[in-house]
Amino acid sequence: MDGKRYTNLSSELRRVFGEKVGKLALDGGFTCPNRDGRLGNRGCIYCGERGAGEFTHKKIPISEQIRFQTLDNYKKWGASKYIAYFQSFTNTYAPLDRLKELYDEALANPGIVGLAIATRPDCLPEDVLDYLEELNRRTYLWVELGLQTIHQDTASLIRRRYPLSAYDEAVEKLKERKLRTVTHLILGLPGETSEKILESVDHVAKTGTWGIKLHSLYIQRDTDLYGLYKKDPFPLMDKEDYVKLASEALTRLSEDMVVHRITGDGEKSLLYKPEWSADKLGVISSIDRYMKENNLKQGCRFKL
Ligand code: SF4
């Protein structure tokens, strides 16, 4: 647990690979059905121009993106193994041959020991699931699903454009194929009370998803959420409340769920509010401190 009171991704990867493993955020040039007109044109209201992949390098070949990031970012951290993270937009939303080309290209690079693929639950047809199952036998793989909330009123407001049942079914199908799933939740969406947010956490905890990402809500200037806030400001969580809520969320997860993220991490130059969310390390250490002071641990309030 890296001295933490929850199972974080870096300690899990160290346990599996015996050393530090870095993550390289990649842009495979995908779009999203929620942006290309199939389901919608403007995407989820918090989605920026770069499709939730604010640190990626669109239009550069995958191998070059990997080489660039390996040299530029990770050499100084001493990692020699990496997960290739297909982050921007919907990374299974392309013909199967294209997916194979991209993922295989990533895996052919030295040091790449696994793949992380961010997608939507409604973009996992059977042939893609078959391929992911095969990939999972060849490498360490996980699939990320952006659920954000279980509540349909909020899902409509954020324009997610799939029902909770699609998420539940996708998790079941991924589990049947022994594929690891990581679920994203946003804490602090407009109109959601702490009780509603924790209902989403409890739901996800019960699905048996392998990992979770908890994001604090932040507003970037390049999103429709920014316009919504400017027109009709809604309450944003302050840091103290977020720290308490994220800590409470961690207590409700099963002990072995891998926590990939416990705060939001947007592009600083585009961040509008809340300012505190720019200090990612400060938020993480406040959560660590709060959990210690209150003798809380991941799983201590988990109920099946
Ligand atoms: S599903 Fe993901 S990529 Fe598509 S619009 Fe929503 S946040 Fe953006």
Side-chain angles (χ1 to χ4, degrees), residues 23 25-59 65 84-94 98-99 102-103 115-125 128 132 142-171 174 181-190 192 200 204 209 211-229 260-261 263-267 270-272 277:
K23 205 166 67 166
L26 305 174
D27 190 330
F30 292 93
T31 178
C32 172
N34 205 4
R35 279 190 169 270
D36 72 356
R38 189 162 78 89
L39 296 173
N41 292 302
R42 296 194 58 83
C44 303
I45 59 170
Y46 50 78
C47 182
E49 291 302 315
R50 296 174 72 177
E54 310 303 339
F55 309 113
T56 54
H57 305 82
K58 201 165 187 154
K59 296 203 174 80
Q65 293 182 41
Y85 177 30
F86 284 84
Q87 181 184 23
S88 299
F89 294 105
T90 299
N91 294 274
T92 56
Y93 188 51
R98 180 66 185 143
L99 301 183
L102 287 166
Y103 302 158
L115 285 180
I117 298 169
T119 189
R120 294 170 55 94
D122 54 0
C123 291
L124 287 168
V128 170
L132 294 177
W142 71 78
V143 176
E144 301 197 2
L145 301 176
L147 176 65
Q148 321 309 2
T149 177
I150 62 163
H151 300 288
Q152 187 51 49
D153 52 348
T154 319
S156 301
L157 175 80
I158 64 175
R159 299 195 305 248
R160 188 182 67 194
R161 294 200 171 97
Y162 68 78
L164 176 62
S165 58
Y167 163 80
D168 287 340
E169 282 159 26
V171 174
L174 290 160
T181 309
V182 177
T183 301
H184 296 216
L185 288 177
I186 299 179
L187 312 191
L189 285 166
E192 292 214 335
S200 291
V204 170
T209 183
I212 194 162
K213 281 188 173 178
L214 301 176
H215 301 254
S216 53
L217 181 75
Y218 57 85
I219 301 173
Q220 282 196 181
R221 288 190 174 82
D222 64 337
T223 62
D224 285 352
L225 184 61
Y226 174 70
L228 184 79
Y229 185 85
H260 288 231
R261 175 182 287 284
T263 186
D265 189 17
E267 165 65 54
L270 294 169
L271 179 68
Y272 175 58
S277 71

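Order of appearance sets the numbers: ligands from 1, and atoms from 1 within every ligand. Note that the structure is predicted; figures quoted are calculated from it, not measured.
Heavy-atom proximity to Gly43, at under 4.0 Å, picks out these atoms of ligand 1: 5 (S). Annotation for ligand 1: atoms under 4.0 Å from non-hydrogen atoms of Arg120 are 1 (S). Atoms of ligand 1 lying under 4.0 Å from at least one heavy atom of Phe89, given by number and element, are 3 (S).
In this structure Arg42 satisfies the side chain to side chain donor-acceptor pair (under 3.5 Å) test together with Asp224, sequence neighbours excluded. With sequence neighbours excluded, the residues satisfying side chain to side chain donor-acceptor pair (under 3.5 Å) with Thr149 are Glu192.
Contacts of Arg160 with ligand 1, taken as heavy-atom pairs under 4.0 Å, are absent altogether.
Judged by distance alone, with hydrogens and angles left aside, the side-chain atoms of Arg221 form a donor-acceptor pair with the main-chain N or O of Leu271 at under 3.5 Å.
Between Leu147 and Arg160 the shortest heavy-atom distance is O-NH1, 2.9 Å.
The existence of a salt bridge linking Asp36 and Arg38 is excluded, since no basic side-chain nitrogen approaches an acidic carboxylate oxygen closer than 4.0 Å.
At a cut-off of 2.8 Å, Cys32 coordinates atom 4 (Fe) of ligand 1 through an N, O or S atom.
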